[in-house]
Amino acid sequence: RIRTMTEKRYYEANTQDEKIKPPKGTYDAVIVGLDIIEDVHCGVHIADIFKPQYKLIDEEFKDVVVKDSGVFRYKKKEGYEYNPKRNWGYNKFTQLLDIPKNKGNTLSFSLIDGWTVTIDLSYKTFVNEMHTQVSYPVATLIKKKSEAPF
């Protein structure tokens, strides 16, 4: 099951010309959405995957939106193994955002909506079924700059 939450403010996500591709590098951005993919089977474990959406704050690439490469949060569920040490990525992500660690709580869009952050933008590349090389941008959170101004 996938849940998508986006900002209350309106914008056109990813409607820019496909040729507009920011180069790899570090950018300031605003968190404008959060996709949550629940109950992903990872071998003998199960996890939720969080993919924040970041809108770049850059004159040349203004309003370009990129998704996070994905933050896994492994969880306890009957029929699956659980090892809390596997949550190092989720823990690092929430620490970078300075989100307090509360047992049972999980990341939500309302918690991070509109925050200004710094991201590292890179590209993932693969060959699709038509044997064409496809490349798309992915982001990794580096740090939080400020919370939403509203």
Original post:
Parallel, tilted or perpendicular: which fits the ring planes of Tyr90 and Phe50, with parallel below 30° and perpendicular above 60°?
Top reply: tilted
**OP:** Kindly write out the residues that satisfy salt bridge (Lys or Arg N to Asp or Glu O under 4.0 Å) with Lys145, not counting sequence neighbours, or none if the list is empty.
**Re:** Asp28
Roughly how far, to the nearest 0.5 Å, is the [atom2] atom of [Y] from the [atom1] atom of [X]?
| X | Y | atom1 | atom2 | result |
| --- | --- | --- | --- | --- |
| Ile57 | Lys62 | CD1 | NZ | 9.5 Å |
| Gln133 | Thr125 | CD | OG1 | 5.5 Å |
| Asp120 | Ser69 | CG | OG | 9.5 Å |
| Asn87 | Asn91 | CG | CG | 6.0 Å |
| Ile112 | Leu97 | CD1 | CG | 6.0 Å |
| Ile142 | Thr118 | CD1 | OG1 | 6.5 Å |

Closest approach of [X] to [Y] (non-hydrogen atoms, all atoms of both residues):
| X | Y | result |
| --- | --- | --- |
| Asp68 | Thr140 | OD2-CA, 4.1 Å |
| Pro22 | Tyr27 | CB-OH, 3.5 Å |
| Ala139 | Val66 | CB-CG2, 3.8 Å |
| Ala47 | Tyr74 | CB-CD2, 3.7 Å |
| Leu141 | Ile119 | CA-CG2, 4.4 Å |

Original post:
So Leu107 and Arg73, side-chain contact (heavy atoms from CB on, under 4.5 Å) or not? Walk me through it.
Top reply: CA-CA 10 Å; Leu107 187 61; Arg73 182 174 190 212; over 6 Å; no
**OP:** Could you please spell out the steps behind the side-chain contact (heavy atoms from CB on, under 4.5 Å) verdict for Tyr80 and His41?
**Re:** CA-CA 9 Å; Tyr80 296 91; His41 302 265; 2.3 Å; yes
**OP:** Show your reasoning for whether side-chain contact (heavy atoms from CB on, under 4.5 Å) applies to Val127 and Val134.
**Re:** CA-CA 6 Å; Val127 176; Val134 177; over 6 Å; no
Assigning hydrophobic clusters by single linkage (Ile, Leu, Val, Met, Phe, Trp, Tyr; side-chain heavy-atom cutoff under 4.5 Å), is [X] placed with [Y]?
| X | Y | value |
| --- | --- | --- |
| Val138 | Val30 | no |
| Trp88 | Leu96 | no |
| Phe72 | Ile46 | no |
| Tyr136 | Leu56 | no |
| Ile31 | Ile99 | yes |

**OP:** Please identify each residue that fulfils side-chain hydrogen bond (donor to acceptor under 3.5 Å, both in side chains) with Lys144, with sequence neighbours left out.
**Re:** Glu147
Original post:
Would Val64 and Lys21 satisfy side-chain contact (heavy atoms from CB on, under 4.5 Å), going step by step from the backbone distance to the final call?
Top reply: CA-CA 9 Å; Val64 171; Lys21 289 192 173 184; over 6 Å; no
